[in-house]
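Taking it in order: structure first as structure tokens, then the write-up.
Residue numbers start from 1 in every chain, and the chains themselves are labelled A, B, ... in the order their sequence lines are given, proteins ahead of strands.
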There are 2 protein chains.
Amino acid sequence: MTLETEVVTTIFKDLSFNPEEIQLLVRSFEKLHLPKNSLLLEAGQYVHDQYYVAEGCLRTYYIAPDGKEHTVQFAISDWWISDYTAFFNGSKALMHIECIQEATLYKISKNDMESLYQAIPQLESYFRKKMERSFASFQKRIIANLSQSATKRYLSFIQTYPNIEQNVKNYHIASYLGITTQSLSRIRKELVQE
Amino acid sequence: MTLETEVVTTIFKDLSFNPEEIQLLVRSFEKLHLPKNSLLLEAGQYVHDQYYVAEGCLRTYYIAPDGKEHTVQFAISDWWISDYTAFFNGSKALMHIECIQEATLYKISKNDMESLYQAIPQLESYFRKKMERSFASFQKRIIANLSQSATKRYLSFIQTYPNIEQNVKNYHIASYLGITTQSLSRIRKELVQE
DNA sequence: GTAGTTTATTACCATAGGTCAACTTTTTTG
DNA sequence: CAAAAAAGTTGACCTATGGTAATAAACTAC
């Protein structure tokens, strides 16, 4: 498959473009492979790019001043990932992005993104809607964190991401749920016993 | 001030429009006043509109199955408010919106919004960027909820919203921070003593 | 301005989840 | 496949925050 076909049929499979638009798109993306356990981004770096995950699994996490990790987002096939706060604001990353399962990504810079929005207005709609969905799911997560016990959040998690569970470490899930690995162990034990 | 001037000089003060665009804009918005303690939206309703807050203070909150309230968002002057999950997805509201301080709002429907995006492309950029900022701040809040103690979250809150504190009840703040009013009282007491 | 209502504080006990540390299991590596 | 490293589990104890309830303070309304 050419890069051209890949970008158009994978990343933007719901949209259609004319030949010039396709050329523009293809020129904006760069394909990359990432081995397991590698870091795609480290806190402190400027964030020029966002990444479309074609295959594999990554996570964005924050290391608090006390040294504890907090997983903010997992990304699997067909998700986008970056430190969006830094990406949008042009500020330095607060987060790290780590490859959990060997991944194939398509990278695009913020500048190219903005040019594409100008050149292909339907892309702006497309990403605005994507933002709206992300916004909604973040809001749900805030509510869940405020209103539910760790056990319930764990149950929602494995329901929402049934496939992620096999790939990720226990402490990834724990740090996503906001609990320790020990607590997660205990929760699992109780769930099995019931 | 005419509605025309208000919409253009208040809501979209950072943008400029030609006369036809201004007409379009003005026709899309409706101004409304809301008394203190009234409900702008209740869970279960379909959400057709979003609201720009010109003056006053509102909050969006969720009532969990156990009856407890969780404040998701406060909105003061120059903020937008709605149950965005429902607004974006065309689903029923999960949240309530309550007027905390007598408010002046400008309301616009999702349909009109989508028409405006088509007619005035700079609006789509404008709202996309707004979404990006909201997304970033939600992400920060998730990190804060995961990594900080209630005391620290309270301190960040009063720093971020120095003006809100006078207007809102203790239990509004507590339910935003994810703690009980009793805990908030204790936290305040300890802070005064130090 | 007094009675009534709502909101905030305080005290006491309960509990979910954290901490530390030992131990077991799984995975990785040579 | 054996040794080492990493990840997961368990137990004993601790701490922050929740729950209940009584009291105090602050609004509201007549």
**Asked** Does the pair B:R128/B:E132 count as a salt bridge with the N-to-O cut at 4.0 Å?
**Response** yes

**Message:** Nearest whole Å is fine: how far is C:dT6 C1' from B:N37 CG?
**Reply:** 11 Å

**Whole angstrom value for the distance that separates P of D:dT15 from CG of A:D66** = 17 Å

**Message:** On the six-membered ring of B:F87, is B:K110 placed so that its NZ or CZ lies under 6.0 angstrom from the centre and within 45° of the ring axis?
**Reply:** yes

**Message:** With hydrogens left out and only the distance checked, is there a donor-acceptor pair under 3.5 Å joining A:R186's side chain and the base of D:dG11?
**Reply:** yes

**Salt-bridge contact A:K92-A:E42 (side-chain N to carboxylate O under 4.0 Å)** = no

**Note: B:K36-B:E102 ion pair, threshold 4.0 Å (strictly below)** = no

**Request:** Please state whether the phosphate of D:dT17, meaning OP1 or OP2, lies under 4.0 angstrom from any side-chain nitrogen or oxygen of B:S183.
**Result:** no

**Interatomic distance, B:I187 CD1 vs D:dT15 C1' [rounded to whole Å]** = 14 Å

**Request:** Could you tell me the separation between the CG atom of A:L184 and the P atom of C:dT19, rounded to a whole number of Å?
**Result:** 15 Å

**Message:** Is the terminal nitrogen or CZ of A:K107 (NZ for Lys, CZ for Arg) located under 6.0 angstrom from the six-membered ring centre of A:Y52 and within 45° of that ring's axis?
**Reply:** no

**Prompt:** In terms of side-chain heavy atoms of A:K189, which of C:dT19, D:dG18, D:dT10 is nearest?
**Reply:** D:dT10

**Asked** Near DNA chain D, under 4.0 Å by heavy atom, which residues of residues 143-161 of chain B?
**Response** B:S149, B:A150

**Prompt:** Ignoring hydrogens and geometry, is there a side-chain-to-backbone donor-acceptor pair from A:D66 to A:K68 under 3.5 Å?
**Reply:** yes

**Request:** Check the distance between C:dT15's P and A:E190's CD and give it to me in whole angstrom.
**Result:** 14 Å

**Asked** Does B:D83 reach the main-chain N or O of B:L94 with its side chain, forming a donor-acceptor pair under 3.5 Å?
**Response** yes

**Request:** Using a 4.0 Å heavy-atom cut-off, write out nucleotides 23-30 of chain C from 5' to 3' as B (base contacted by protein), S (sugar-phosphate only) or - (no contact).
**Result:** --------

**Asked** Between A:K68 (NZ) and C:dG17 (P), how many Å, whole number?
**Response** 15 Å

**Aromatic plane relationship, A:F74 with A:H172 - under 30° parallel, 30 to 60° tilted, over 60° perpendicular** = perpendicular

**Request:** Run the salt-bridge test on A:K129 and A:D14 with the 4.0 Å N-O cut-off and return the result as yes or no.
**Result:** no

**Request:** Please list, by residue number, the residues of residues 170-182 of chain B whose heavy atoms come closer than 4.0 Å to an atom of DNA chain C; answer none if no residue qualifies.
**Result:** B:N170, B:Y171, B:Q182

**Item:** A:R141 charged N/C atom sitting above A:Y176 aromatic ring, 6.0 Å / 45°
**Value:** yes

**Prompt:** Got more than 12 heavy atoms from elsewhere within 6.0 Å of NZ, B:K130?
**Reply:** yes

